[in-house]
Structure formats: structure tokens, C-alpha cells
Amino acid sequence: MKEEAWTRWIIQTARSWQNISEVVRQTGVERIDDDHRRLIESALELNRLIDAFEDNSIDLDTIRREAGLLERLREITATHFTWEEQFIQLHGLPHLERQKEQHRTFLAMVDGYLRDFHEGRLWVSLSLKMAVLQWVVNHINHVDHDTFCLENWVDKVLTHASCWQDVADIIKPTGLHILDQEHKDLVLLTLRMNEWIERYRQSGSTAEFRDQTVALLRRIHHYAEAHFQHEEHFISRYQIPNRREQMESHRQFLTLLRQREATLLQGAEVDPEQVKRLVMNWWVEHINRVDYTSFRLENWTDQLLSLSTSWDSLAEVIKSTGLEQLDQEHMQLILLTLEANEVVEACQQGHPDPALRAQGSAILHRLHEFSAAHFRGEEAFIQKHGIAGYERQQQQHRYFLEMVQQLETDQVKGRTLFSAQIKTRILSWWMHHINEIDYNTFRVERWAGAMILGAREYQDLATLVKPSGLEWVDADHRRLVELTLNACRQLANQDAEVGQGLEAVLRFSDDHFQREESYFVQHGLWGIEPHRDQHQEFLATLRRMIEQPNLHRSEEIESFRLWVVQWWVLHINEADYQAFQQIGRMGNSHGSLE
């Protein structure tokens with residue numbers, strides 16, 4: 001009873017996620033927990049309107065924002081409920097009908113509030129906020145926790161997992177692109193054991209499985225050592241806590257691999273599934289518990305954001321979408337926010353004069369204008385290329401513009417000063433929006449198929465390819481795309497020289513990979529093995545496709561073109577871009593954050 005009273009008091013007084021998070025249970029599924037936070041934050045926006053009503057500062061703008069807030073709450077909730085129901089069906093989780101019934105009940109409640117508001121029978125009040133939040137928190141803590149609590153069904157997923165898509169939902173992303181990619185590489189490497197398990201079942205050859213498993217464990221050990229070194233460097237550079245726990249956990253895993261390898265070499269009986277589960281369970285547990293706690297951006301970036309004064313101090317934690325213009329605009333938007341440092345510092349020193357207030361308002365106004373133009377460009381791009389996620393982008397864009405506009409209004413009316421908290425709030429929004437929403441919306445494979453199939457020369461695809469910053473690398477990348485397009489034209493025309501064209505792609509790819517790998521070794525790139533694996537897998541797949549007897553058929557040509565060009569664009573924009581950026585940062589690693 002005391003616990004219920006405490007929860008009600010927290011809900012009643014909460015004004016931010018930090019105030020209420022302690023009474024909201026986590027499911028362990030990142031997407032669901034993030035959606036829950038976003039839903040609660042949207043409901044907490046009612047506080048601003050409650051303040052306005054209590055201050056008798058009600059105007060048409062306040063009423064308009066009230067309607068928009070309720071409508072946005074409805075949109076967010078409906079989208080989340082639909083996704084939850086699909087997730088339950090995908091993974092065969094319990095309580096689907098119970099979830100659907102509860103979802104219908106809440107949406108009907110919000111629809112009733114909206115009708116009452118439009119008919120003049122409802123004003124935002126503490127009781128409305130309590131009704132919404134109590135329902136949401138109660139639903140999350142009981143129905144959602146019973147349905148989605150990861151520990152209740154993770155073993156079933158790991159038992160049957162055979163590819164990344166099977167485990168992606170149960171592995172929490174830290175938000176740091178490089179580390180998350182390395183986690184994926186290590187999980188994929190572990191899942192390769194599936195091939196050998198199947199061979200073992202068919203042949204019953206324990207010796208063959210033992211040899212293959214020892215080789216794989218050594219490879220995982222090598223990957224893990226490089227990854228752990230990278231993590232520990234990252235911890236040192238950004239002064240992230242939990243260094244001791246990380247290093248001890250890393251040491252335990254490497255010891256576990258060596259012990260398992262030694263046991264196999266001694267000729268002990270081998271249970272293939274047990275070996276895979278042992279390694280896979282460790283990775284999932286370590287990533288979700290230790291790494292998520294250490295590296296989750298929101299757990300340590302507030303201080304980083306409040307102290308940041310330059311793009312370089314944030315570049316490593318901001319994902320690239322792969323589209324150069326978008327990434328440049330993202331950088332400009334963050335730089336514009338960072339212009340506030342002089343105002344923040346002056347206010348912290350106790351000099352909040354009218355000139356500073358005007359300067360803070362001017363920064364917010366420019367940020368609003370630039371953001372609005374950037375959002376229009378993004379939305380036009382999404383519509384032009386038929387990319388999914390238009391409504392979610394619009395919703396996010398509206399929220400940000402309303403937030404900045406409200407901050408600007410508060411500045412002008414003297415209700416607040418431009419502070420480190422305001423700067424951090426804006427930067428935090430951008431970081432989440434770029435890393436989650438924009439990154440997932442603008443990934444090339446989601447929308448660029450028609451552009452790739454229609455391209456006749458490199459220039460038709462130039463906007464898709466991120467520059468590395470090194471002239472020889474960019475020249476190689478351009479040449480590779482040109483050779484691929486030329487080989488595809490020869491295929492389509494049934495040119496007699498088609499064999500030479502395909503061999504040219506293969507030969508130049510191999511040469512380029514060797515030059516690139518030599519450069520990585522020379523500059524001490526961490527985790528070069530996963531990158532090298534991508535190269536080798538590409539060459540092997542390309543050889544197999546070239547040898548296909550049906551490659552001259554039009555549908556096979558299109559499939560070939562799409563795969564090869566898309567592989568290059570994604571590899572250049574992600575693996576290569578991150579690698580060269582990492583080398584650049586390593587060159588400056590002895591410097592301190594500005």
C-alpha cells in the first residue's frame with residue numbers, strides 16, 4: 001500500500017523522465033523501453049500547460065498547443081501499440097489479447113479527452129495528467145512487464161537463433177555506432193558455429209567439429225581482444241565510469257575462451273549447442289548489462305554535452321546517415337547550438353543582463369529557422385524517394401520546433417535564461433534524433449534501389465557515397481563503382497567483353513582491399529579483422545555470382561547490379577567511413593576534449 005502511495009506521489013509531482021523513471025519497470029527490450037520513455041515524456045509535457053493555466057496566462061497559442069499535445073500523445077501511443085502487437089506475434093509472446101484489449105481501452109480514453117476538448121468541455125489539469133500517467137505506468141509495470149520481460153523468453157531466442165535478425169531485438173544498442181557494430185560482428189561470428197553444428201549432426205564427426213570450433217574460438221578471442229582494447233580506450237578518453245568492472249569482465253571472457261579451447265584440445269566430449277550457447281549467452285549478458293550500463297549515451301553524455309564547445313568533441317558519438325548533405329547540416333545545427341556557450345558561461349558567472357537574454361533568443365531563433373529549413377528538406381527527400389517513416393519524422397520535427405519556439409518565448413518573456421541545461425536538452429534531442437530516427441530512415445538500402453538500377457555512370461550515384469577524406473581512397477571507390485556499372489552494361493548488352501569486365505571488378509576490388517588493409521595496419525586500426533572479413537566475404541560472393549549460369553538474364557543482372565553497388569555504398573559509408581574517422585581520432589588521441 002505504501003508503495004502504491006509513493007508511486008502516485010511520484011506521478012503527481014514528476015516533471016521530467018528523471019523524476020519518474022524509478023517507478024517505471026524496464027522490460028529489457030530497448031525499442032519498447034525507449035518507446036515507454038518517449039510516451040511518458042510526451043504526457044509530462046502537460047506540466048507546461050498546467051503551469052500556464054495556473055498562472056492565468058491562457059491565450060489562443062496555449063489552447064492550440066494543448067490540442068497539439070493531446071493529438072501527439074495519441075499518435076505516439078497508437079504507433080507504439082501497433083508495434084508492440086506485431087512484436088508479440090513475431091516472437092510468439094503471451095498475452096496478445098490482453099494487450100490488444102488494454103490498448104483499445106487507452107486509445108478510447110484519449111479519444112474521449114480529445115472530443116471533450118474540441119467541444120470545450122476539457123482543460124488541461126493535474127487530474128488529467130494523473131489519469132494518463134497512472135494508466136501508462138500501471139500498464140508498463142504489469143501488463144508489459146509480464147509480456148516483454150526479456151529474461152522470460154531470451155533463452156528460447158538464443159536456442160533457435162541462426163542470424164542477426166533473430167537476436168537483434170534482445171541485444172541492447174549502446175548508441176555508439178562503432179561499439180554496436182563490433183558487438184554485431186562478434187555475435188555474427190559466434191552464430192557461424194551453426195554451419196558446423198549442422199555438419200556435425202549430418203556426419204557425427206566429433207573430431208571435425210572440435211577442430212572447427214577451436215579455430216572459431218581462437219578467432220573470437222582475437223576479435224574480442226581488439227574490441228576490448230577499443231572499449232577500454234573509449235572509457236579512458238571520455239572518462240566513463242565502470243572501467244574496473246569492464247576490464248574484469250573482459251578478462252573473464254578471454255579466460256573462458258582459453259579454457260574451452262583447452263578442454264576441446266584435450267579430446268573431451270563436445271556438445272555443439274552447449275559451446276555456442278555458452279559464448280552467445282556471455283555476449284548477450286555482457287552487452288545488455290555491463291556495456292549498456294557503461295556506454296549507453298544517456299548515462300554519461302550530459303556532462304559531455306554541457307562541456308562541449310566544438311564538433312570534434314561530439315563527432316564520435318553522432319552517427320553518419322551516409323548522405324553527405326544531411327550529415328553536414330546536422331553538423332551545422334549542432335555547431336549553432338554550441339554557439340550558446342558564451343551566453344551560458346556569462347549567465348553562470350552571474351551576468352544575466354538584457355543583452356545576453358537577447359543573444360540567447362537570437363541563437364534560438366536562428367536554430368529554429370535553420371532546423372525548419374533542414375526538416376523541410378528531409379521531408380521533401382523522403383517523399384521524393386518514397387522512403388518509409390514520413391509521419392514519424394514529421395511528428396519528431398514538430399515536437400522539436402515547438403520545443404525551441406517555447407524556449408525562445410520563455411527567453412523573451414524573461415521566464416528563463418539560456419543555461420547549460422537548455423543547451424544539453426537541445427543537443428540530447430539532436431543526438432537521439434540523428435542516431436535513431438534519421439540513421440534508420442535514410443540508410444541507403446531502405447530507399448536507393450531505383451536510383452542504383454537507373455544509374456549509368458558514377459555521377460548518378462555520387463550523392464550516395466561519403467568521402468573518406470583521403471584522395472586515393474575516394475579515387476579507388478569511384479573507380480570500383482564505375483567498373484561495376486560498366487560490367488552491368490556489358491551484361492545487359494550481352495557484350496563479348498563481359499567476362500573481362502567482371503574480372504576487372506574482382507581484380508580491382510582485391511587490389512583496393514589490400515591497399516586499404518595495409519593502410520589500416522600501418523595506422524594501428526582497432527578491430528581490423530571484421531573489416532577484413534567483409535572484404536573476403538564480398539570477394540567470395542562476387543566470385544560465386546560471376547559463375548552463375550543465369551547471370552545474363554535481365555532479372556539476374558538487376559539483382560547483381562543492386563547487390564554489388566549497394567554493398568559498395570554501404571561498405572564505404574559505414575565500415576570505411578568509421579575506420580578512417582577512427583584513424584583520424586587516434587591521431588589526436590593525446591589531446592583533450594575541448
Side-chain angles (χ1 to χ4, degrees), residues 7-8 10-21 23-24 27 31-54 58 60-85 99-144 389-407 425 428-429 432-433 436-437:
T7 300
R8 282 197 302 273
I10 290 289
I11 291 171
Q12 182 175 338
T13 58
R15 300 188 65 84
S16 69
W17 168 254
Q18 285 71 24
N19 300 148
I20 201 172
S21 59
V23 299
V24 180
T27 67
R31 165 71 185 271
I32 291 173
D33 290 336
D34 271 357
D35 273 7
H36 288 165
R37 173 173 178 168
R38 196 161 60 98
L39 199 161
I40 288 172
E41 286 177 332
S42 180
L44 287 170
E45 288 292 314
L46 290 165
N47 281 309
R48 289 195 291 121
L49 296 177
I50 292 169
D51 292 342
F53 280 102
E54 290 178 349
I58 305 168
L60 288 175
D61 184 58
T62 304
I63 295 171
R64 178 186 61 79
R65 284 191 290 114
E66 180 179 1
L69 193 152
L70 290 171
E71 288 165 358
R72 184 164 61 247
L73 178 63
R74 210 276 183 199
E75 286 179 62
I76 291 171
T77 309
T79 301
H80 170 64
F81 288 165
T82 299
W83 188 86
E84 272 191 345
E85 291 165 14
Q99 286 279 2
K100 286 183 175 180
E101 182 181 350
Q102 292 242 327
H103 294 168
R104 286 194 297 268
T105 298
F106 183 75
L107 292 177
M109 181 175 74
V110 176
D111 286 339
Y113 291 147
L114 279 167
R115 280 195 304 273
D116 288 346
F117 172 78
H118 288 302
E119 293 171 8
R121 297 196 302 270
L122 176 71
W123 297 100
V124 168
S125 65
L126 182 59
S127 62
L128 173 61
K129 170 193 163 186
M130 284 291 292
V132 171
L133 279 177
Q134 274 191 312
W135 189 97
V136 171
V137 172
N138 184 66
H139 179 76
I140 292 170
N141 287 351
H142 296 93
V143 182
D144 280 351
Y390 180 74
E391 290 183 0
R392 190 178 186 197
Q393 284 280 359
Q394 272 197 322
Q395 177 185 317
Q396 290 261 321
H397 296 166
R398 282 198 308 269
Y399 174 83
F400 181 75
L401 293 175
E402 287 175 7
M403 178 181 76
V404 174
Q405 192 170 45
Q406 184 61 41
L407 289 171
R425 182 182 178 188
S428 294
W429 187 92
H432 178 269
H433 182 75
E436 301 297 328
I437 310 300

Do you know the tightest heavy-atom contact between Leu73 and Ala43? CD1-N, 4.2 Å
Starting at CG of Asp35, measure out to CD1 of Ile140 and round the result to the nearest 0.5 Å. 10.0 Å
Minimum heavy-atom distance His80-Ile32, with the two atoms named: CE1-O, 4.2 Å
Gln393 side chain reached by His433 side chain, heavy atoms, under 4.5 Å: yes
Hey, could you give me the CZ/CD distance between Arg398 and Gln405, rounded to the nearest 0.5 Å? 13.5 Å
Is it true that a side-chain atom of His139 and a backbone atom of Trp135 form a donor plus acceptor pair closer than 3.5 Å? no
Taking Asn141 for the side chain and Val23 for the main chain, is one N or O donor matched with an acceptor at less than 3.5 Å? yes
Gap between atom CD of Glu436 and atom CZ of Arg392 - 0.5 Å precision: 8.5 Å
If you round to the nearest 0.5 Å, how far is CZ of Phe81 from CD of Gln99? 8.0 Å
Which heavy atom in Gln396 sits nearest to a heavy atom in Trp429, and how many Å separate them? O-CZ2, 3.3 Å
Working note: Val110 + Thr77, criterion side chain to side chain contact (heavy atoms under 4.5 Å, CB included); need CA distance, chi angles, decisive distance, verdict. CA-CA 10 Å; Val110 176; Thr77 309; 5.7 Å; no
Test side chain to side chain contact (heavy atoms under 4.5 Å, CB included) on Leu44 and Leu133; report intermediate values, then the result. CA-CA 8 Å; Leu44 287 170; Leu133 279 177; 3.7 Å; yes
Could you go step by step and tell me if His142 and Gln102 meet the side chain to side chain contact (heavy atoms under 4.5 Å, CB included) rule? CA-CA 11 Å; His142 296 93; Gln102 292 242 327; over 6 Å; no
Donor-acceptor contact present, side-chain Ser42 to main-chain Arg38, <3.5 Å: no
In chain order, what residues pass the side-chain hydrogen bond (donor to acceptor under 3.5 Å, both in side chains) check against Glu85, with sequence neighbours excluded? His103
Quick check on Glu391: does its CD atom have over 12 non-hydrogen neighbours (other residues, nucleotides or ligands) under 6.0 Å away? no
Please report the interatomic distance CG(Leu39) to CG(Asp34), rounded to the nearest 0.5 Å. 12.5 Å
Residue set satisfying side-chain hydrogen bond (donor to acceptor under 3.5 Å, both in side chains) with Glu41, at least two apart, ordered chain then number -> Arg37
With side chain to side chain contact (heavy atoms under 4.5 Å, CB included) as the test, would you mind laying out the steps for Thr13 and Asn19 before giving the verdict? CA-CA 8 Å; Thr13 58; Asn19 300 148; over 6 Å; no
Are the side chains of Glu101 and Arg104 in contact, using a 4.5 Å heavy-atom criterion? yes
Without hydrogens or angle criteria, can the side chains of Gln395 and Tyr399 be said to hold a donor-acceptor pair below 3.5 Å? no
Quick one: are Val132 and Tyr113 in side-chain contact, heavy atoms under 4.5 Å? yes
Quick check for you: to the nearest 0.5 Å, what is the distance between Thr79 atom OG1 and Arg74 atom CZ? 9.5 Å
Determine, for Glu402 against Arg72, whether the closest basic-nitrogen to carboxylate-oxygen distance falls under 4.0 angstrom. yes
